[in-house]
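Reviewing the structure listed below.
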Amino acid sequence: MKYKALVIDVDGTITHMDRKLSLEAAEKLRSLDIPVVIATGNVLCYAKAVAKLVGVCCNIIAENGGVIVDGFDNEPIVSDVIHECEEAFEFLSTKYDMEKLDSVHRKTEIVLRSNFDIDEAKELLKDRFPGVEIIDTHFAIHIKSRKINKGTGLLKMAELMGLQTSDFVAIGDSVNDLEMLEEAGFAVAVGNADDFLKDIADYVSEATYGDGTAEAIDFLLSKGLI
Ligand SMILES: O=C(O)COP(=O)(O)O
Ligand SMILES: [Mg+2]
């Protein structure tokens, strides 16, 4: 089977831990003759810049599926899920000294500096705010709605592109990629990925970060899968 598109995470998958872009991964993505969708927990404007500079513009799943756009100048689809996240944040702010990140551009979730006990916060939210989850991507802490994730984002993006989610290869590194990899037709975890992601992947790269993405793309090309 030849997959028709690729959906790829950004931080930890085409960037290193210091968030510097892997030029090798960018080169590989840019050279593909199938559409490449950027899927990230970052905000839309950041994801658009990534897509433009990497040269894979511009089908984007931003804010972990909360914001979706299929074209640089098209109107984004923004999920109306911020309210419960805000309420959960206000509640946690009575317990911890919390710092919001990227709040000016964020429309569907709240991202925080990792300076509080996340496991304790998860317990505090569990019964009070069942519709909200806290996830740690190793790059930031997200208070997000359980209604959306990169998997629901991929479902919507596939519809917009006239494809099935099974037509996609998905590549990721962290907890916020799990649903996307489960939804796609072929799942790739880079070498630095969390173990639970490697457990469900069809291919696990030896190499890490962008080198892992480059390795996976070479593998997929060598097998005629893309
Ligand atoms: O936004 C984050 O926390 C991580 O970003 P990513 O989804 O591109 O890895
Ligand atoms: Mg990531």
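Here, residue 1 is the first one in the sequence, and each next residue gets the next number. Order of listing sets the numbers, starting from 1, for every ligand and every atom in it.
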So for Asp11 against ligand 1, with non-hydrogen atoms under 4.0 Å, the contacting part is both

Less than 4.0 Å is my threshold; does some heavy atom of Lys150 fall inside it relative to ligand 1?
yes

* To do: Check the pair Lys48 / Lys52 against side chain to side chain contact (heavy atoms under 4.5 Å, CB included), numbers first and verdict last.
  => CA-CA 6 Å; Lys48 275 186 167 181; Lys52 269 282 183 193; 5.8 Å; no

Taking the Mg ion (ligand 2) as the apex, O on Asp11 and OD1 on Asp173 give an angle, to 10°, of 100°

**Message:** What I want to know is whether Asp9 and ligand 1 share at least one N or O pair that is separated by under 3.5 angstrom.
**Reply:** yes

*Asp9 near the Mg ion (ligand 2) via N/O/S, less than 2.8 Å*: yes

- request: Would you kindly say whether Asn176 and His142 are connected by a side-chain donor-acceptor distance under 3.5 Å?
  value: no

| Lys150 and Glu179 ion-paired at < 4.0 Å | no

>> Please tell me whether Tyr3 and Phe168 form a close aromatic pair, meaning their ring centres lie under 6.0 Å apart.
In response: no

inquiry  = Any salt bridge linking Lys126 with Glu133? Criterion: basic side-chain nitrogen under 4.0 Å from a carboxylate oxygen.
reply    = no

Numbered in order shown, the ligand 1 atoms found under 4.0 Å of a heavy atom of Val10 are 8 (O)

| message | Under a 3.5 Å cutoff, is there a donor and acceptor pairing between the side chains of His138 and Asn192? | response | no

Of all heavy-atom pairs linking Glu109 and Val111, the shortest is OE2-CG2, 3.7 Å

Atoms of ligand 1 under 4.0 Å from any heavy atom of Ala140, numbered from 1 in the order shown, are 3 (O)

Among non-hydrogen protein atoms, atom 4 (C) of ligand 1 lies closest to Thr137 OG1, 3.5 Å

If we number the atoms of ligand 1 from 1 as shown, the ones under 4.0 Å from a heavy atom of His142 are 1 (O), 2 (C), 3 (O)

How are the rings of Phe219 and Tyr203 set to each other: parallel, tilted or perpendicular (split at 30° and 60°)?
-> parallel

- Does the N or O separation between Gly12 and ligand 1 drop below 3.5 Å for any pair? no

If we number the atoms of ligand 1 from 1 as shown, the ones under 4.0 Å from a heavy atom of Gly41 are 1 (O), 5 (O), 6 (P), 7 (O), 8 (O)

Self-check item: Modelled atom types, side-chain donor and acceptor of Asn42 and Arg19, under 3.5 Å
Solution: yes

Closest to atom 8 (O) of ligand 1 among protein heavy atoms sits Thr40 OG1, 2.6 Å

Quiz item: Based purely on interatomic distance, does Asp177 place a nitrogen or oxygen under 3.5 Å from a nitrogen or oxygen of ligand 1?
Solution: no

Going by the 4.0 angstrom heavy-atom rule, the piece of Val111 near ligand 1 is neither

